[in-house]
Structures are given as C-alpha cells and as structure tokens.
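I have placed the structure first, in the form of structure tokens, so that the comments after it can refer back to it.
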There are 2 protein chains.
Amino acid sequence: MDAVAALAALAQDNRLDVFRLLVQAGPEGLTAGAVAEALDLAPNTLTFHFDRLRMAGLATVRREGRSMIYAARFETMNALVGFLTENCCGGVSCAPAKPSKPARKRSKVPA
Amino acid sequence: MDAVAALAALAQDNRLDVFRLLVQAGPEGLTAGAVAEALDLAPNTLTFHFDRLRMAGLATVRREGRSMIYAARFETMNALVGFLTENCCGGVSCAPAKPSKPARKRSKVPA
DNA sequence: CCATTATTTCAATAATCGTTGAAATATGGA
DNA sequence: TCCATATTTCAACGATTATTGAAATAATGG
C-alpha cells in the first residue's frame with residue numbers, strides 16, 4: 001500500500017465524501033449515478049474522483065448493465081489506518097522514520 | 001479537527017517523513033535544523049512543510065535560542081485516526097490484527 | 001436501425017502545490 | 001559593534017489539481 005497515495009486520495013472534500021458513502025454502502029457498492037445524485041456532483045467530475053480512489057487502491061469498479069458500480073476497498077483502508085497507528089501515533093510504537101534519499105547535499109563538506 | 005486538512009498535510013512524501021520524524025522524537029521535538037539534516041531538505045522548503053503541518057494542527061513550534069523546535073501534536077493525529085476508524089472503516093474495527101502492545105479487552109474474544 | 005440512459009474521455013481553465021535562490025530576520029558570542 | 005548561525009520570507013517557476021462543457025462510448029429497449 002502506498003500510504004501517501006491513499007492519504008492524498010482522501011485529502012479532498014468531495015472525494016472523502018464519496019469514499020465515506022461507499023463505505024456506508026458496504027461491499028455491494030453504489031452506481032456512479034447514485035453517488036452523483038447523493039452528493040450532487042457532475043458525472044465527469046465524479047469519474048475523476050473515482051479514478052483517484054481506484055488508483056490509490058481505495059475503490060473498485062464493476063459494470064452492471066449500463067451502470068458502473070463502485071465499492072470501497074476496506075483492506076486498503078485498514079492498511080492505511082494500521083500504518084498511521086504504527087508510524088504516526090505517539091503513545092506506543094513508532095517505527096523509525098527513515099528518509100529514502102541517496103545523499104546529503106546540504107551538509108558541510110568535510111575537511 | 002479538520003480531517004481533510006490533516007490528511008492533506010500528511011499526503012506528501014517529505015511532509016509525511018517530517019511528521020514521522022517528529023513523532024519519533026516525542027513531545028520534546030526537534031530543531032528545524034535537525035530535521036533538515038536528517039531528511040536532507042532545504043531549510044526554506046522545510047519551513048513551508050512545517051507551516052502546513054502547523055496549519056493542520058499536526059505540529060507546534062517554539063523558539064529556543066537560535067533554533068526553532070517543532071513537535072508533533074499527537075492529539076490531532078489521534079483524532080484523525082479516530083475519524084478514519086469511525087467514518088471510513090465500515091463500522092467494523094480498522095485496527096491492525098496485531099496490536100503492538102497488549103490492550104485490556106472489553107469482552108471475551110472467541111477462539 | 002434509432003433513441004435513451006449511464007458513464008467516460010478530452011481539452012481547457014483557474015487555482016494550488018512543492019521547490020528553488022536570494023534576501024531578510026533573529027539570536028548569541030567575540 | 002561585527003560576525004556567524006539558524007530560520008524565515010519573498011518572488012519566481014513548472015507541475016499538479018479540481019472543475020467545467022462538449023463530445024464520445026457503452027448498454028438496453030423498441
């Protein structure tokens with residue numbers, strides 16, 4: 001799971017609303033139209049947001065007749081909450097925050 | 001707590017690294033310089049990211065001599081995890097299957 | 001086939017984002 | 001005071017974002 005991608009997918013008002021609605025709907029999901037109606041979003045805007053959620057692993061689609069049915073991927077959400085709990089919550093355990101950068105450009109040049 | 005603001009603040013690689021480092025450092029925090037060195041970030045870029053974290057309620061600053069010391073706000077982070085667990089996890093527990101520390105159980109768990 | 005419904009794709013747009021370099025500010029010490 | 005250190009502010013810049021309108025695609029029914 002890419003935590004940053006998942007966080008970014010949820011870090012937008014409309015998209016968070018969409019995801020919450022999908023979570024409420026459960027594994028069976030909702031048609032794009034139902035979400036558009038519930039949240040008053042243009043269908044093309046909604047497609048854009050669904051794509052983001054899908055790319056972050058937070059939603060799936062399937063076609064059913066003319067409708068596209070989107071559903072939340074709970075597994076990814078659980079992984080995200082797990083990541084945040086383990087890495088970003090004070091209390092108990094915090095895994096080391098390790099920078100994945102190759103070199104230090106800004107430190108002093110040794111003599 | 002503004003969940004979207006907090007999510008957005010963490011939805012960026014460098015900023016997530018910064019926050020994790022602050023969490024790791026605990027309530028005493030770290031100087032801006034220490035974070036800059038640890039993550040190899042330019043000081044002005046870092047100021048920008050600190051500002052975002054602060055605006056989202058995820059960090060605090062205090063001056064100590066010449067240094068600015070940033071610290072994670074665990075309260076906000078815990079609130080965020082709480083929000084996600086309540087609103088985005090389908091009502092069932094989102095907590096990782098493997099707790100890092102034994103917690104007191106409220107009821108008996110069936111085998 | 002044609003019409004209707006449901007959704008996506010595409011191009012354009014303004015707005016925001018992350019980074020950089022240069023300059024400014026604040027503090028402490030000689 | 002002058003100087004070095006630590007950090008911020010400011011003005012750019014290209015990149016990405018969310019939204020819109022128009023057109024395209026897919027499936028169903030007559």
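We name chains A, B, ... by the order of the sequence lines, and we start the count at 1 in each one.
In this structure, CG of B/Leu7 is placed 16 Å from C1' of D/dT17, rounded to the nearest angstrom. Atom CG in B/Asp13 sits roughly 9 Å away from atom P in C/dT19 (whole-Å rounding). What separates CZ of A/Arg62 from C1' of C/dT8 is a distance of 18 Å, to the nearest Å. A straight line from CZ of A/Arg54 to C1' of C/dT7 spans 12 Å, rounded to a whole angstrom. In this structure, B/Leu53 atom CG and C/dG18 atom P are separated by 10 Å, rounded to whole Å. In this structure, the CE atom of A/Met55 is 12 Å from the C1' atom of D/dT17, given to the nearest Å.
The backbone N or O of B/Leu41 lies less than 3.5 Å from no partner atom in the side chain of B/Thr45, so there is not a single donor-acceptor pair. Between the side chain of A/Ser67 and the main chain of A/Arg63, no donor-acceptor pair closer than 3.5 Å is present. The backbone N or O of B/Gly57 sits less than 3.5 Å from a side-chain atom of B/Thr76, completing a donor-acceptor pair. Between the side chain of B/Arg15 and the main chain of B/Ala9, a donor-acceptor pair closer than 3.5 Å is present. Between the side chain of A/Arg54 and the main chain of A/Ala59, no donor-acceptor pair closer than 3.5 Å is present.
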Distances for protein N or O near nucleotides 26-30 of chain D N or O, under 3.5 Å:
residue: D/dA27; atom: N3; partner: A/Arg66; partner atom: NE; Å: 3.3
residue: D/dT28; atom: O4'; partner: A/Arg66; partner atom: NE; Å: 3.2
residue: D/dT28; atom: O4'; partner: A/Arg66; partner atom: NH2; Å: 3.2
residue: D/dT28; atom: O2; partner: A/Arg66; partner atom: NH2; Å: 3.0

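Near DNA chain D, defined here as any heavy-atom distance below 4.0 Å, the residues from residues 39-52 of chain A are A/Asn44, A/Thr45, A/Phe48, A/His49, A/Arg52, listed numerically.
B/Cys89 places none of its side-chain heavy atoms less than 4.5 Å from the side chain of A/Val23.
Summarising the geometry, atom CG belonging to B/Leu46 is positioned 9.0 Å from atom CG belonging to B/Asn14; distances are rounded to the nearest 0.5 Å.
Between B/Ser67 and D/dT5, a side-chain N or O to OP1/OP2 separation shorter than 4.0 Å is absent. Distances shown here put a side-chain N or O of B/Tyr70 below 4.0 Å from the OP1 or OP2 atom of D/dT8.
Both B/Leu84 and A/Leu21 belong to a common hydrophobic cluster when Ile, Leu, Val, Met, Phe, Trp and Tyr are linked at side-chain heavy-atom distances under 4.5 angstrom.
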